[in-house]
Protein chains: 2
Amino acid sequence: MSTTIFDVARVCGYSKTTISRAFASPEMVSVETRNIIYAAAKQVNYTPDAIARAMVRKKTNNLGFIVSDQQYPVVLNPFYSPVFEGVLQVGRERGYSVFIASEKDIQLPTGQVYVKKQMDGVIICGQTEQSIIESFRSQNIPVVLLNNVFDMEDLICITLDHYGGTVKAIEHLLEQGKRDIAIISGHFSPYVYNERFRGYTDTLKNHGIPINEAFIKTVEPTMAEAMHTAQQLLSLKHRPDAIFATNDLIAIGAVKIALRAHIAIPKDIAIVGFDDSNFSEIIEPELTTVRIDKEEMGKLAAGKLIDILEKNSTGKQVHVCGTQLIIRGTA
Amino acid sequence: MSTTIFDVARVCGYSKTTISRAFASPEMVSVETRNIIYAAAKQVNYTPDAIARAMVRKKTNNLGFIVSDQQYPVVLNPFYSPVFEGVLQVGRERGYSVFIASEKDIQLPTGQVYVKKQMDGVIICGQTEQSIIESFRSQNIPVVLLNNVFDMEDLICITLDHYGGTVKAIEHLLEQGKRDIAIISGHFSPYVYNERFRGYTDTLKNHGIPINEAFIKTVEPTMAEAMHTAQQLLSLKHRPDAIFATNDLIAIGAVKIALRAHIAIPKDIAIVGFDDSNFSEIIEPELTTVRIDKEEMGKLAAGKLIDILEKNSTGKQVHVCGTQLIIRGTA
DNA sequence: CTGTTAGCGCTTTCAC
DNA sequence: GTGAAAGCGCTAACAG
């Protein structure tokens with residue numbers, strides 16, 4: 001039996017109402033009373049029960065951070081970990097806890113989303129479906145979409161400048177005098193994939209460089225596949241003098257292959273990644289890559305979500321976070 | 001206004017109780033009735049309200065995963081991420097969601113732990129204090145301690161064989177003919193630090209090798225500090241021929257320094273890490289390191305915690321997870 | 001197999 | 001500034 005507001009009432013003689021107020025809205029209770037109540041509470045080891053509170057307030061002060069389980073590690077990878085840290089941080093500042101779950105966790109066997117109404121709002125990351133978003137909304141759970149963009153009414157999307165980031169990367173390579181630039185695309189969501197790919201082809205075209213089909217590869221973003229594909233590329237009779245990889249892991253696979261083949265980096269093969277994940281400074285030489293402020297994305301998403309929750313703000317918005325080329329040792 | 005069990009009752013004519021049972025314990029309701037109810041529920045877009053359920057059952061089916069905020073990234077780092085994945089997985093299998101929070105998140109301004117009673121039990125990771133554990137317990141929240149060991153009644157601790165893992169690492173180095181083995185210890189919790197350090201000194205002593213004070217270093221586990229310290233070690237007039245680092249990040253710092261100084265790895269300097277984090281295969285040459293099955297630790301912790309919750313199992317237990325030396329390119 | 005009755009612990013009108 | 005009463009949405013006895 002845990003102690004309730006009632007036990008405190010018995011000890012100090014005040015009514016349940018007053019005890020409740022002393023904790024929920026202290027300013028409504030005189031200072032003396034408050035202190036008496038706090039002392040009594042401490043004596044019986046009382047802590048407000050958030051469940052009961054949530055029940056009557058119809059608000060849990062919990063947020064959900066939902067990642068599709070298309071990838072492994074399921075929820076925590078070099079990209080989403082910092083995003084999550086950002087979410088956690090503004091959550092803390094504004095009084096929200098956060099659940100983390102994969103999409104699988106929130107589906108009923110029937111396929112219906114079962115939010116259990118234990119979250120006031122959710123941030124959905126990456127790949128998902130419109131029906132999932134609608135499912136949340138039909139239960140009055142606002143959603144913010146992160147790293148993906150859907151054209152839905154009143155939907156806030158936090159995305160980043162995949163296209164522009166890619167352009168920066170390719171132009172940097174061009175400036176280094178590279179002309180035979182290959183691309184290894186990770187098999188991400190169509191939106192991300194297309195934006196980055198378009199950045200690559202457009203930039204090349206703009207500089208009058210023909211697209212070489214042999215230099216275009218798509219892989220599952222695993223180290224093994226990346227290495228395998230880099231190997232193929234470097235074995236070509238006419239091999240590329242640069243590789244742009246659409247994430248750091250893939251880029252690192254390419255670096256490793258070049259290192260093992262003793263091909264000089266960046267002289268004979270330049271390599272640029274994308275994300276500036278915590279892997280990028282592990283490899284030696286360190287990776288030149290396109291940085292995105294992942295923690296900032298998380299903060300933005302959480303902030304917007306809480307704004308909706310508290311201010312009933314609405315309105316469709318697409319926030320595009322900027323990118324920055326970080327030049328290190330590989331290009 | 002979200003729909004309640006009452007709305008469903010009105011649509012299909014059954015009582016609230018029956019509706020409730022159709023969702024909470026389907027086997028108590030006839031198949032036909034159930035289908036009628038489900039249809040009605042779908043019609044009004046009804047989903048059970050987990051808060052109300054938790055309120056009466058006094059059980060939330062939520063677990064807390066608490067990481068001290070001594071480190072950055074606060075909650076998600078190469079060590080705890082896989083642990084968390086393990087927790088999530090058994091949580092999903094057994095019907096629990098999981099909150100993730102740093103210690104800061106769960107403290108009231110008064111310093112008291114405020115669990116908000118929204119978690120049935122918690123897994124506390126790494127550094128913490130006995131008072132925190134007691135605080136949870138006084139609110140009837142069982143705790144499982146992970147990667148730390150306290151001598152408390154009925155406390156289940158999930159730890160790993162720091163000592164044995166270190167012995168394996170040092171003996172491997174010895175087998176390779178190394179005799180001047182340095183250690184760079186990360187500044188972890190006393191328990192972890194001491195166990196690993198003891199493994200180092202004991203093994204050396206057992207092989208009749210004197211301890212060289214100049215080869216003993218302690219650092220904050222950051223790349224910068226690791227590199228700085230490795231630099232010092234490699235600049236010694238009589239420099240070590242091997243370095244054992246108490247985590248992978250530190251080991252990688254040493255590898256990078258050796259690479260930059262063109263000291264042959266592992267011929268002139270062998271390096272062994274600890275953890276087998278996802279960094280270990282990023283660096284080239286890949287890191288020889290002591291593997292611990294982090295995901296397994298998470299699964300074990302979650303499993304034990306849920307056992308306590310559901311079976312009221314108790315009893316003090318210390319689970320020591322094994323380690324395995326993974327020989328790659330650096331030693 | 002289904003319905004009735006009581007709450008779970010808290011907050012919130014509405015009084016005083 | 002404080003109290004009394006009502007009820008949030010659900011489940012758990014206990015009947016029938």
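Every chain is numbered from 1, with letters handed out A, B, ... down the list of sequences.
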Inset, instruction - Let me know the distance between CZ of B/Arg53 and P of C/dC8, rounded to the nearest Å. - result: 19 Å
Inset, instruction - Using a cut-off of strictly less than 4.0 Å, decide whether A/Tyr14 has a side-chain nitrogen or oxygen near OP1 or OP2 of D/dA4. - result: no
Legend entry - Minimum-distance nucleotide (side-chain atoms of A/Thr4 versus C/dG3, C/dG9, C/dT11): C/dG9
Legend entry - Minimum-distance nucleotide to A/Met55 side chain [options: C/dG9, C/dT2, C/dT11]: C/dG9
Legend entry - Separation of atom CZ in B/Phe6 from atom C1' in C/dT5, rounded to whole Å: 14 Å
Legend entry - Interatomic distance, B/Met28 CE vs C/dG3 C1' [rounded to whole Å]: 12 Å
Legend entry - Nucleotide D/dT11, atom P - distance to CD1 of A/Ile51 in whole Å: 14 Å
Legend entry - Atom of B/Met297, atom of B/Leu146 and distance for their closest heavy-atom approach: O-CD1, 3.8 Å
Inset, instruction - Take atom CD1 of B/Ile37 and atom C1' of C/dC1, then tell me their distance rounded to the nearest Å. - result: 11 Å
Inset, instruction - Would you mind reading off the distance between A/Asn140 atom CG and D/dC8 atom C1', rounded to a whole angstrom? - result: 16 Å
Inset, instruction - Check every atom of D/dT2, C/dT12, D/dG3 against the side chain of A/Ser15 and return the nucleotide holding the closest atom. - result: D/dG3
Legend entry - Polar side chain donor-acceptor pair, A/Ser135 to A/Ser138, under 3.5 angstrom: no
Inset, instruction - Report yes or no: is there a donor-acceptor pair, N or O only, under 3.5 Å between the side chain of B/Ser20 and the base of D/dA12? - result: no
Legend entry - Rounded distance (Å) that lies between atom P of D/dC8 and atom CD1 of A/Ile5: 19 Å
Inset, instruction - In whole angstrom, give the distance that lies between atom NZ of A/Lys16 and atom C1' of C/dG7. - result: 12 Å
Inset, instruction - Check whether any side-chain nitrogen or oxygen of A/Thr18 sits under 4.0 Å from OP1 or OP2 of D/dT2, and answer yes or no. - result: no
Inset, instruction - Look at atom CD of A/Gln317 and say whether more than 12 heavy atoms of other residues, nucleotides or ligands are closer to it than 6.0 Å. - result: yes
Inset, instruction - Check the angle between the aromatic planes of A/Phe99 and B/Phe99 and answer parallel, tilted or perpendicular using the 30° and 60° thresholds. - result: parallel
Legend entry - No-hydrogen, no-angle side-chain donor-acceptor test under 3.5 Å, B/Asn148 and B/Ser189: no
Inset, instruction - Return yes if the base of D/dG3 and the side-chain atoms of A/Arg21 contain a donor-acceptor N/O pair under 3.5 Å, otherwise no. - result: yes
Inset, instruction - May I ask you to say what B/Thr17 touches in the nucleic acid, namely base, sugar-phosphate or nothing, with a heavy-atom cut-off under 4.0 Å? - result: base
Inset, instruction - Look at B/Lys58 and C/dG9 and indicate whether a side-chain polar atom (N or O) is within less than 4.0 Å of OP1 or OP2. - result: yes
Inset, instruction - Just call it for A/Ser25: base, sugar-phosphate, or nothing, with non-hydrogen atoms closer than 4.0 Å on any strand. - result: nothing
